[in-house]
Number of protein chains: 2
Amino acid sequence: MLNVRIEAAIQKNICTTIGAGPAPDGLRNAINYTVFPGGARIRPTILMSVALACGDESPGLSDAAASAIEFIHCASLVHDDLPCFDDSALRRGKPTVHRAFGETTAVLVGDSLIVNAFATLAAQAAHAPKRAPELITYLAKYTGFPHGICAGQAWEDESVIDLASYHLSKTGALFIAATQMGALAAGHDPEPWQELGARIGQAFQVADDLMDVLSNDQDIGKPVGQDAKNNRPNAVTEYGVEGAKKLLNDVLGGAIASIPSCPGEAQLAKMVQMQSSRLMSVHQTHPHA
Amino acid sequence: MLNVRIEAAIQKNICTTIGAGPAPDGLRNAINYTVFPGGARIRPTILMSVALACGDESPGLSDAAASAIEFIHCASLVHDDLPCFDDSALRRGKPTVHRAFGETTAVLVGDSLIVNAFATLAAQAAHAPKRAPELITYLAKYTGFPHGICAGQAWEDESVIDLASYHLSKTGALFIAATQMGALAAGHDPEPWQELGARIGQAFQVADDLMDVLSNDQDIGKPVGQDAKNNRPNAVTEYGVEGAKKLLNDVLGGAIASIPSCPGEAQLAKMVQMQSSRLMSVHQTHPHA
């Protein structure tokens with residue numbers, strides 16, 4: 001099963017790429033607390049599904065890429081939960097990292113996981129001298145400045161927001177990274193895979209907006225109403241509940257239509273359809289998990 | 001001149017490796033504020049000096065490595081200055097990043113610079129398919145968990161500190177990265193260069209300890225007395241002022257003696273000697289710059 005493979009890959013790549021020996025236990029425990037147990041592992045699942053659809057000719061590289069993108073995602077959650085950002089108390093149904101381990105440790109967990117993501121990919125260079133650095137370049141592009149999730153978060157501090165850039169970098173970036181890195185890990189051209197990632201990202205954004213308005217804290221394991229509280233753009237505010245649900249449906253249809261020709265196209269369409277069903281039943285899902 | 005070359009390299013590699021387009025100006029300005037004007041650029045200077053001593057056969061790769069290590073160093077300063085760590089108001093004689101741009105931006109500056117360091121090295125992979133990923137592996141090792149500066153910082157939260165690991169990871173790590181990456185960029189085996197980096201790191205630690213006790217804020221452009229305030233180990237507390245000065249002298253002598261055989265050995269010894277003179281006149285220097 002895909003989820004078993006992904007968990008095994010994450011377990012293998014967590015910090016093992018960068019050696020062993022005496023190390024501060026607090027940070028070690030906090031890194032483990034952050035990464036395990038995981039949420040839905042949505043980004044690595046998408047990455048791996050694309051890699052499989054493209055033939056998955058370098059399974060070790062796909063595993064590393066799936067792990068790396070999850071490390072970046074986990075890092076972003078820990079930093080976004082910090083008191084200076086969302087000041088969240090709950091994440092995946094348990095105390096956030098800074099609540100459980102303190103704020104300094106939470107900053108270092110995020111930093112360490114970012115580093116470990118790139119170390120995980122670099123460790124594949126002996127077997128994949130061309131693709132491993134390319135994967136690093138893609139992951140960096142969608143993580144840092146000016147187009148990655150760091151930039152996406154920073155848009156929220158601007159007085160004038162470029163909404164397209166904001167959504168593309170805040171939520172879209174790691175989904176685009178997932179589809180493009182999946183293709184790249186399997187030796188396919190990543191460019192045709194941009195649209196699928198962007199549309200999945202947009203779907204998750206709209207689903208998240210719906211959930212932020214319609215759910216309660218217990219349902220989703222984290223605080224709701226954050227967009228209104230932090231004065232952030234939200235599709236429900238813009239289009240109403242029914243309008244946002246229609247938009248979500250349209251975007252998911254477009255995602256499936258955008259899948260490039262590849263050996264496992266039909267199987268991949270089924271995976272997107274499955275994720276879509278999860279998203280459409282917004283009250284039972286955890287889009288940020 | 002070496003410092004002109006280093007500044008040009010840093011300027012070239014700052015965020016240019018990861019594309020252009022609309023981006024949040026606040027984060028862009030804060031990244032520039034963090035990296036320019038620089039301090040003494042000590043780590044890239046050491047890296048470049050070692051690369052030159054080893055023949056500097058891939059100047060573009062040495063430039064990228066020097067830039068990458070400075071990005072990591074700058075990221076660490078911004079995160080270490082945060083309210084939850086040192087809560088510093090001043091750095092390099094001007095307001096710290098979180099004071100000037102806010103705490104959220106400061107977190108994102110650090111994250112973005114870490115990402116950009118790895119992107120800068122990955123961009124060299126087309127020209128240096130073997131060495132670029134190796135440089136990423138070394139930089140990651142000395143930045144993250146369990147042996148990098150993230151681990152070094154985390155030791156300060158432990159009730160029982162492994163002092164050797166603490167010093168090696170907190171201050172030594174990026175100096176070891178500097179010497180080893182300099183050798184690697186020039187195509188030499190990095191392993192014999194570990195000791196030089198470790199000894200230079202120890203010298204800077206002792207000099208920093210002396211300065212923290214003996215200087216005042218105006219002299220060094222950042223607050224002093226932080227070790228006592230934060231109950232951190234300090235060589236002056238342990239050996240007294242004269243004992244710490246003798247230790248510094250011994251360590252620097254050992255550093256010069258440890259330089260591996262290489263074409264530019266004599267020139268490199270002179271550089272270490274020059275840095276040593278700076279360190280020995282602790283009241284006029286900025287070891288963390």
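A note on names: the letters A, B, ... follow the listed sequences, proteins ahead of strands, and every chain is numbered from 1.
- The candidate with the highest count of non-hydrogen atom pairs below 4.5 Å against chain A, out of B:L139, B:I161, B:D157, B:I72, is B:D157.
- Interatomic distance, B:N116 CG to A:T143 OG1, rounded to the nearest 0.5 Å: 11.5 Å.
- The greatest number of non-hydrogen atom pairs below 4.5 Å with chain A, out of B:V160, B:L135, B:V109, B:I114, is found for B:I114.
- Counting all heavy atoms, side chain and backbone alike, B:L108 lies closest to A:C150 at CD1-O, 3.8 Å.
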Check the pair B:V115, A:F118 against side-chain contact (heavy atoms from CB on, under 4.5 Å), reporting the backbone distance first and the verdict last. CA-CA 8 Å; B:V115 172; A:F118 295 108; 4.1 Å; yes
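- A:F145 approaches B:P24 most closely through the heavy-atom pair CE1-O, 3.7 Å.
- Residue B:E158 touches chain A through its side chain alone, counting heavy-atom pairs closer than 4.5 Å.
- Interface residue A:D162: only side-chain heavy atoms are found under 4.5 Å from chain B.
- Heavy-atom distances place no part of A:I149 under 4.5 Å from chain B, backbone and side chain included.
- The stretch residues 79-87 of chain B places B:H79, B:L82, B:C84, B:F85 near chain A, each with some heavy atom under 4.5 Å from a heavy atom of that chain.
- With a 4.5 Å cut-off on non-hydrogen atoms, A:A151 touches chain B through its backbone and its side chain both.
- Of all the listed residues (B:P133, B:S76, B:A154, B:A125), the one sharing the greatest number of non-hydrogen pairs under 4.5 Å with chain A is B:A154.
- Contact residues of residues 95-106 of chain A toward chain B are A:E103, A:T104, A:T105 (heavy-atom distance under 4.5 Å).
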